[in-house]
K.L.:
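Here you go, one structure.
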Amino acid sequence: MIVENSQSVLDVVVAVLLISGALMSLAAGVGLVRFPDLLSRMHAATKPQVLGLLLFLLALAVEFRSWALIPVLLVCWIFQLLTSPVSAHMVGRAGYRTRHMRRDLLTIDELDDVVEKAARQRKDDRRKKGAQPDPG
Amino acid sequence: MIRQRIPLITELPLVIWLVIVWGALWQDFSPGNLLFGAIIAYVVANVFYLPPVELSGRFNVLWAVPFTVRFLFKLVTASAEVFWLGLSKGPRLRNAVVAVQLRSSSDFLVTATGHALSLIPGSLVLEVDRSTSTLYLHCLNINSDDDADTIRRDVRATEAWLIRILGTKEDLALLRAEDRFAREREARS
């Protein structure tokens with residue numbers, strides 16, 4: 001009787017974990033459709049999955065209750081922790097550089113200030129070089 | 001190409017990690033399997049050469065546990081927040097690119113901080129200026145300078161945690177001095 005009861009409690013836990021994990025996928029989908037530009041969509045597409053996958057793996061661990069499985073699940077999550085920021089960064093960086101984004105949606109852009117300054121500096125340097133023709 | 005010889009002690013964390021992955025994939029942590037994994041890990045680490053990651057040689061478990069709890073808590077709240085933003089604001093969302101200068105100049109720590117920030121929904125590392133260790137973050141839902149300041153404080157707090165866990169001794173000393181300074185200023189006012 002007790003065994004049966006704890007089994008059904010665990011089943012409920014697994015169900016809740018799986019459904020919350022699936023909700024995170026829904027969050028990603030909603031974000032992809034609703035957010036206005038590439039960079040904000042990147043947030044929705046990459047981030048909730050970190051939690052979503054964690055919930056799924058937890059559900060697996062609770063369901064199978066085998067010690068041999070835990071390291072695989074852990075390694076699986078750690079690899080996602082390591083790789084998902086890198087892909088998000090690469091896409092974000094490429095998107096910013098190729099201007100695949102809407103600048104009018106940014107309230108502050110401190111990177112643009114730096115880029116502008118560097119561009120101006122380079123132009124000034126070039127002009128200086130042009131004004132003083134080398135004596136040789 | 002001239003390869004820089006990597007001493008075994010710098011290679012050790014990588015080899016141990018590879019052995020753990022090997023054991024996990026086979027779902028078998030028996031000594032024989034681990035030994036075979038260690039041989040393969042050593043060969044792989046030497047044949048597929050990558051520049052060594054310079055660790056600080058410190059790891060503080062006492063700080064790591066609360067950091068993990070804080071990280072998971074933020075992960076859950078921020079995921080829910082992004083979900084809510086998608087539902088409530090959607091196309092009317094306003095974002096910002098915020099520059100945050102970090103204390104540490106260690107590549108490892110800057111990478112770790114960038115990773116921790118990128119994993120928590122709502123911020124994304126767009127660009128890194130390695131010479132000044134400045135991170136340029138794209139953040140969701142920033143409408144005022146106050147919001148940007150909150151982000152900056154949060155980023156520096158995350159970095160402080162990571163310095164306490166695995167930062168170099170110099171960074172730790174810097175952090176302690178900063179704390180002392182803040183406390184003294186508080187006491188004076």
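Since we're looking at a predicted model, the values are computed, not measured. Reminder, nothing fancy here: chain letters follow the sequence lines and each chain counts from 1.
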K.L.:
List the steps, then state whether side-chain contact (heavy atoms from CB on, under 4.5 Å) holds for V97(B) with E110(A).
P.N.:
CA-CA 6 Å; V97(B) 178; E110(A) 289 175 322; 5.5 Å; no
K.L.:
Which pair of heavy atoms, one from T107(A) and one from A96(B), lies closest together, and at what distance?
P.N.:
OG1-CB, 3.7 Å
K.L.:
Please classify the contact of V33(A) with chain B as side chain, backbone, both or neither, using a heavy-atom distance under 4.5 Å.
P.N.:
neither
K.L.:
May I ask whether F59(B) and L172(B) are part of the same hydrophobic cluster, defined by side-chain heavy atoms of I, L, V, M, F, W, Y residues being less than 4.5 angstrom apart, directly or through others?
P.N.:
yes
K.L.:
Counting heavy-atom pairs under 4.5 Å with chain A, which one of L87(B), L25(B), L72(B) comes out on top?
P.N.:
L87(B)
K.L.:
Less than 4.5 Å to any heavy atom of chain B: does that hold for the side chain of L54(A), its backbone, both, or neither?
P.N.:
side chain
K.L.:
Give, as side chain, backbone, both or neither, the part of I78(A) having an atom under 4.5 angstrom from any heavy atom of chain B.
P.N.:
side chain
K.L.:
First locate atom NE2 of H43(A), then atom OG of S118(B), and finally report the distance between them rounded to the nearest 0.5 Å.
P.N.:
9.0 Å
K.L.:
Check F35(A) against V82(B) and note the closest heavy-atom contact, atom names and distance.
P.N.:
CZ-O, 4.0 Å
K.L.:
Would L51(A) end up clustered with I120(B) when hydrophobic side chains under 4.5 Å apart are linked, directly or stepwise?
P.N.:
yes
K.L.:
CD1 of I108(A) to CZ of R94(B): how many Å apart, nearest 0.5 Å?
P.N.:
13.5 Å
K.L.:
Using a cut-off of under 4.5 Å for heavy-atom pairs, which of G31(A), G92(A), S40(A), P48(A) has the most such pairs with chain B?
P.N.:
S40(A)
K.L.:
V50(A), V75(A), L111(A): which one forms the most heavy-atom pairs within less than 4.5 Å of chain B?
P.N.:
L111(A)
K.L.:
To the nearest 0.5 Å, tell me how far Y136(B) OH sits from D112(A) CG.
P.N.:
11.0 Å
K.L.:
For W17(B), which atoms come within 4.5 Å of any heavy atom of chain A: side chain, backbone, both, or neither?
P.N.:
side chain
K.L.:
Of all the heavy-atom pairs spanning L119(B) and S84(A), show the shortest one and how long it is.
P.N.:
CD2-OG, 4.0 Å
K.L.:
Quick one: NE2 on H115(B) to NE2 on H89(A), what's the gap to the nearest 0.5 Å?
P.N.:
10.0 Å
K.L.:
At a 4.5 Å cut-off on heavy atoms, which part of D37(A) comes close to chain B: side chain, backbone, both, or neither?
P.N.:
side chain
K.L.:
Going hydrophobic residue to hydrophobic residue with side-chain gaps under 4.5 angstrom, can you get from F71(B) over to L162(B)?
P.N.:
no
K.L.:
Calculate, to the nearest 0.5 Å, the distance between atoms CG and CZ belonging to L93(B) and R41(A) respectively.
P.N.:
11.5 Å
K.L.:
On a heavy-atom basis, which atom in L39(A) and which in L126(B) lie closest, and how many Å separate them?
P.N.:
CD2-CD2, 3.8 Å
K.L.:
Which heavy atom of K47(A) sits nearest to which heavy atom of S123(B), and what is that distance?
P.N.:
NZ-O, 2.9 Å
K.L.:
Using a cut-off of under 4.5 Å for heavy-atom pairs, which of L74(A), L82(A), I70(A) has the most such pairs with chain B?
P.N.:
L82(A)
K.L.:
Got a sec, which residues hit side chain to side chain contact (heavy atoms under 4.5 Å, CB included) with R34(A), two or more places apart in sequence or on another chain?
P.N.:
V30(A), P91(B)
K.L.:
Determine the option with the most heavy-atom pairs under 4.5 angstrom with chain A, choosing from L75(B), D147(B), T134(B).
P.N.:
L75(B)
K.L.:
Identify the heavy atoms of L124(B) and M42(A) that sit nearest to each other, and give their distance.
P.N.:
CD2-CB, 4.2 Å
